[in-house]
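Below is one structure, written out as structure tokens, with a few remarks after it.
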Amino acid sequence: MNNIFVYCEIEDGQVADVSLELLTKGRKLANEINCKLEAAVIGHKLEGIEKQLFPFGVDILHLADEPRLAPYTTLPHCEVIVKLFEKIKPEVAIFGATSVGRDLAPRVASYLKCGLTADCTSLVFGDHKETKTGKEYKNLLYQIRPAFGGNIIATIINPDTRPQMATVREGVMKKEIYNEDHKGTIKKIKLDEVLRDELFPVQIVERHIEKQKVNIKSSQIIISGGYGVGSKENFDMLFELAEVLGGEVGGSRAAVDAGFVDHARQVGQTGVTVRPKLYIACGISGAVQHTAGMSESAKIIAINNDPKAPINQIADYSIIGNIEDIIPKMIKFYKKNTK
Amino acid sequence: MSFRIIVLAKQVPDTRNVGKDAMKADGTVNRGALPAIFNPEDLHALEQALRIKELRKDVEIILLTMGPPRAADIIREALYRGADKGYLITDRKFAGSDTLATSYVLSLAVKKLEPYHLVIAGRQAIDGDTAQVGPQVGEKLRLPQVTYCEEIQNISQKEITIKRRLERGVETVTSPIPTLITVHSSAASCRPRNARLLMQYKHARTVSELQEETKDYTEMLTNKPYLRIDEWGVADLDAKVEQLGISGSPTKVKKIENVVFAAKESVVLSSDNKDIDQLMKDLIESHVIG
Ligand SMILES: Cc1cc2nc3c(=O)[nH]c(=O)nc-3n(C[C@H](O)[C@H](O)[C@H](O)COP(=O)(O)OP(=O)(O)OC[C@H]3O[C@@H](n4cnc5c(N)ncnc54)[C@H](O)[C@@H]3O)c2cc1C
């Protein structure tokens with residue numbers, strides 16, 4: 001059986017969150033069809049990088065370590081990946097839908113003449129029967145994504161080309177350690193034959209990248225807490241729900257002022273504006289300065305013990321009751337229904 | 001020898017402004033009712049080309065668009081803003097092409113226009129948001145690529161310097177020419193139509209459009225050959241049919257579900273187990289979570 005592959009991005013020696021999220025997904029997919037999880041890191045000074053990756057269930061880690069491979073440029077990374085794919089022939093290959101992944105994956109797919117689906121929100125295995133030929137396929141990757149400005153949800157498949165390639169945005173999949181003691185094997189990619197000089201036409205002159213800090217803007221699911229959450233300790237419940245759903249935690253100004261949560265997470269007029277596909281407002285009254293920063297969310301759930309709270313007017317679902325009671329139930333029933 | 005810039009552009013349904021008339025009774029989008037527009041980031045791409053034309057006198061801008069006959073509209077839009085020429089790449093056999101098949105066709109068209117210096121496209125089109133066609137055309141032409149261009153900072157006959165907009169920052173790179181560039185929406189917006197060019201090109205027509213016209217264009221075209229917009233099909237591009245349309249597209253659409261937009265009517269729930277259980281089921285089912 002051919003394996004599941006994840007391209008891992010690094011910045012300053014840290015594996016990107018999106019890559020860890022994809023490994024979590026990749027591990028689950030691999031278990032489902034009984035194959036291995038392979039990953040590659042391409043860059044420079046990669047000693048010890050496996051310590052960050054093996055706990056996420058990587059079985060085979062391919063490393064390409066050379067000064068000219070960091071920071072990322074398109075052609076050498078593309079060349080390393082296509083040569084690797086020609087050898088290991090993955091069944092599925094997933095890339096982050098990041099500045100890097102969206103630059104690299106299409107180039108790789110074009111070279112290998114493979115299908116590629118951008119910005120998937122869900123990846124599951126399923127069967128398929130070709131209506132014309134009657135040919136049947138087992139365990140094809142269903143690549144599910146919104147299209148048409150979010151007005152339709154499409155399920156895309158690549159019946160006949162391998163790898164089945166997809167990109168996924170940061171924050172869409174959950175990040176979960178598979179097993180702290182999981183050990184994989186490292187395979188060093190031989191670069192002498194791969195890296196020819198003509199792969200380096202593009203030269204980086206200058207680069208300013210901010211450290212990866214809390215950035216709730218890019219998250220598709222935001223669990224936001226207000227003054228009604230009551231304490232810093234109670235916010236832990238929101239962090240737990242966010243982790244389970246693969247989202248981020250936000251807050252109202254009253255919650256930030258009370259010291260329940262960091263300012264970087266404040267949503268609203270004097271905080272960040274967010275448009276996630278799901279916004280859960282917990283113990284937030286719904287002042288205009290707050291709703292200015294979140295009213296364009298695709299779905300809004302309000303949890304408030306006051307049925308008259310203004311937030312209920314813009315919510316798709318209003319749950320009337322206490323945070324302490326409702327959040328643990330959401331976690332419990334989410335887990336039950338996704339088993 | 002002139003400095004030739006090829007701009008790739010697409011006509012797209014305006015998915016950003018799905019108004020009431022574009023909604024069907026069941027709450028799904030009536031795609032036919034959406035206005036067709038010049039893909040926004042492709043306009044940013046055109047602007048970058050126009051700026052180079054202001055810097056150097058020898059620049060020739062050619063717009064390529066692949067699509068149905070009515071996509072000729074965006075060629076005219078480009079001519080009104082300062083493009084020199086446009087080609088409509090159209091053929092029934094192109095229908096159903098995914099990004100791989102599309103980039104194959106576009107790369108054949110670009111090759112027909114050799115020698116060129118730059119290929120500039122928008123980062124992505126709003127109907128699919130894939131951002132794949134640019135890099136895939138680059139691969140097929142074996143060109144270097146510089147994606148997410150925010151500003152062209154310097155350009156000579158041999159090299160171009162570009163500032164790129166990344167998720168968490170910016171990067172400045174140099175690339176030899178020829179190269180392929182995709183332009184980000186943070187780059188300068190496209191200038192409006194120019195009144196003189198509008199007068200000059202308003203009668204620009206494709207061959208298929210001329211067949212529909214009641215007026216006789218023969219004399220006008222003889223005097224003003226620049227009003228003729230050429231169309232390229234499978235035969236003109238010498239394209240391999242198995243690499244086109246559905247057969248040339250490795251990705252297949254298995255299922256399309258319309259997202260139903262209902263008026264905002266809040267569902268009020270209690271904290272009972274039953275309510276929360278049902279809510280989580282609904283959210284998972286509608287792909288909001290899970
Ligand atoms: C210039 C200016 C700029 C501002 N900018 C921002 C901004 O960017 N972002 C922002 O958020 N605010 C901003 N504000 C403040 C804003 O006006 C509100 O004061 C603030 O949003 C209120 O926060 P809250 O909803 O968390 O608190 P409250 O208004 O105190 O609401 C708490 C809510 O929790 C509910 N509750 C209490 N206990 C529970 C429980 N156990 N379970 C469930 N529900 C419970 C209550 O019923 C109530 O609805 C700004 C104000 C000004 C003047």
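Throughout, a chain's letter reflects where its sequence line sits, starting with A, and its residues are numbered from 1. Note: hydrogens, waters and symmetry copies are ignored here, and every other heavy atom, side chains too, is used.
With a 4.5 Å cut-off on non-hydrogen atoms, K336(A) touches chain B through its side chain but not through its backbone. Looking at L75(A), the atoms closer than 4.5 Å to chain B (heavy atoms on both sides) all sit in the side chain, from C-beta outward. Only the side chain of I144(A) comes within less than 4.5 Å of a heavy atom in chain B; its backbone stays farther off. In this structure, the portions of T98(A) lying under 4.5 Å from any heavy atom of chain B include both its backbone and its side chain. For T74(A), the part sitting under 4.5 Å from any heavy atom of chain B is the side chain, from C-beta outward, and nothing else.
Side-chain atoms of K281(B) never come within 3.5 Å of backbone atoms of F333(A) as a donor-acceptor pair (strictly under, hydrogens ignored). Y148(B) places a side-chain N or O within 3.5 Å of a backbone atom of S99(A) that can act as its donor or acceptor partner.
With chain B as partner, the option from I157(A), T161(A), V202(A) having the largest number of non-hydrogen pairs under 4.5 angstrom is I157(A). Of the listed residues (G248(B), G134(B), S286(B), G138(B)), the one with the most heavy-atom contacts under 4.5 Å to chain A is G138(B). Between chain A and the options T179(B), D272(B), T99(B), T130(B), the largest number of non-hydrogen pairs under 4.5 Å is found for T130(B). In terms of non-hydrogen atom pairs under 4.5 Å with chain A, the most contact-rich of I284(B), I289(B), V173(B), D277(B) is D277(B). Between chain A and the residues T182(B), V12(B), V133(B), N273(B), the most heavy-atom pairs under 4.5 angstrom are made by N273(B). Ranked by heavy-atom pairs shorter than 4.5 Å toward chain B, the options D103(A), I156(A), V205(A), I326(A) are led by D103(A). Each of V253(B), V137(B), V146(B), L100(B) has some count of heavy-atom pairs under 4.5 Å with chain A, and the biggest count is that of L100(B).
For residues 158-166 of chain B, heavy-atom neighbours of chain A at less than 4.5 Å comprise R164(B), L166(B), sorted by residue number.
Judged by distance alone, the side chains of T251(B) and N158(A) never bring a donor and an acceptor atom under 3.5 Å apart. Remark: the Q136(B) side chain and the R107(A) side chain contain no N/O donor-acceptor pair separated by less than 3.5 Å.
Atom CD of E285(B) is surrounded by 12 or fewer heavy atoms from other residues, nucleotides or ligands within 6.0 Å. Heavy-atom contacts from other residues, nucleotides or ligands closer than 6.0 Å to CD1 of I246(B) number 12 or fewer.
Partner of V170(B) under the side chain to side chain contact (heavy atoms under 4.5 Å, CB included) criterion, out of H208(A), R207(A), E206(A): H208(A) alone.
In this structure, the side chains of Y142(A) and K255(B) stay at 4.5 Å or more apart for every pair of heavy atoms. Contact of the K254(B) side chain with the L140(A) side chain is not registered, since no non-hydrogen atoms from C-beta on lie closer than 4.5 Å. Under the 4.5 Å side-chain criterion, counting only non-hydrogen atoms from C-beta, Q124(B) is in contact with R102(A). For the pair H128(A) and K252(B), the minimum side-chain heavy-atom distance is 4.5 Å or more.
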